[in-house]
Amino acid sequence: MHPTTAGEVSESTDSVIDMVSVDAPFLRACRGEPHDRVPVWFMRQAGRSLPEYKAIRGTGSIITAIRTPDLATEITLQPVRRYGTDAAILYSDIVTPIEAIGFGVDVAPGIGPVVEKPFRSASDLERIRPLDPEADTPYVLETVRNLVRELGDVPLIGFAGAPFTVASYLVEGRPSRTYENTKRLMYTDPELWFALLDRLADLALASLHSQVANGASAVQLFDSWAGALSPSDYVRYVQPASQKVLEGIASTGVPRIHFGVNTGELLTHMRDAGADVMGIDWRVDLDDARKRLGDRTPLQGNLDPTAVLAGADVAIERTRDVLRRADGHRGHIFNLGHGVLPDTDPEVLEQVVAVVHAEGKVR
Ligand code: CP3
């Protein structure tokens, strides 16, 4: 069942977790089990590409929208309703936990996370206390519970920012191209670096556990900017903290997806951090990613988000190419190689979903 009515919140008394089928194609693909259609969802499927989002989002900070469960619930449902995607992704942000413990971060429209007082020295560690999800982010958990009720058998993906990517915002103070302050800290004061990443791993882990406890049936760890690192630096400075998160959530049994941009050279290391599914950006063809990761790792991806901007004909041709390279493998979840771009025409994405569902064949 797909949610159909905007804003309607049913009063089901069933256990939230029982309502999501473990046999949903998305979850079966995450486990590499046989299923009957190629599942598809899109990173950033909610948001600025959708007129219905702009109509209800308001003009304040995204943090305000995230703190408003009825709004966050509706925004999460909008793309599922429009596209018929096989999974929903919680409307929240990677900085939600760190904002909730009072670090002083906002998300500026058109820019991204901006930090009032960047992390620069050991005294800043005290500004990162442990997250108590029930007390600090009750609005996230209410949204998750609402969603699980509304989504029926469509799984909800919870998520967190990986320690490196969140650290990059805290240290740089804003989005960066070079990550120079982050890397300087990493190279010059590894002790402080590891202490910072350890605290961020604990935040991510606490947040993910609470999302799963309230009904999320898969999680994605976003290490969006890890591609800034060489493989050896990734293994030495970042992998241990991401491993703490991924292994810490393993006991819940939900699939763990691990994603980053420009991470072609890091794929095996990111998988070895403890991922069940690897997200692949568009810079590595899926058949090549399959060779790098072997037959047993489900892959998620990887249509170039700009191909969707080039109109329906190009988008469909490229969609078919992704399906061809995935070769009907049971472990394939169709997605873009990164998030939906704001100028995307939703009608083109609708056609992409239709092609994946009509033409994708699982061996
Ligand atoms: O559909 C979804 O995926 C919605 C949930 C979601 C958001 N952010 C909402 C959002 C998710 C999964 C994220 C994760 C996130 N946030 C990441 C990892 C994913 C990725 O794209 O690599 C990162 C790096 C962030 C930090 C962040 N937040 C950035 C870089 C931006 C973009 C700034 C801009 O406006 O261009 C945001 C803002 C943001 N997060 C928006 C949304 C829908 C758009 C701004 C808004 O509506 O106010």
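Numbering of ligands and ligand atoms starts at 1, following listing order.
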Would you please classify the geometry between the Y179 ring and the F164 ring as parallel, tilted or perpendicular, with 30° and 60° separating the classes? tilted
Tell me, which residues have any heavy atom less than 4.0 Å from some atom of ligand 1?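 Those residues closer than 4.0 Å to ligand 1 by some heavy atom are R44, Q45, A46, R48, Y53, R57, I62, I89, L90, Y91, S92, D93, I94, V107, P109, G110, I111, G112, P113, F159, Y169, F222, S224, W225, H338.
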Sort out for me which residue in Y91, F222, W41 forms a ring pair (Phe, Tyr, Trp, His ring centres under 6.0 Å) with F159. F222
I66 vs V107, test: side chain to side chain contact (heavy atoms under 4.5 Å, CB included). Steps then yes/no. CA-CA 11 Å; I66 291 167; V107 183; over 6 Å; no
Set of side chain to side chain donor-acceptor pair (under 3.5 Å) partners for S123, sequence neighbours left out: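 In terms of side chain to side chain donor-acceptor pair (under 3.5 Å), with neighbours along the sequence ignored, S123 is linked to S121.
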By side chain to side chain donor-acceptor pair (under 3.5 Å) - contacts of S232 (at least two apart): S230
Output every pair passing side chain to side chain donor-acceptor pair (under 3.5 Å) with a member in residues 335-355, not counting sequence neighbours, ordered by first then second residue. R82-E350
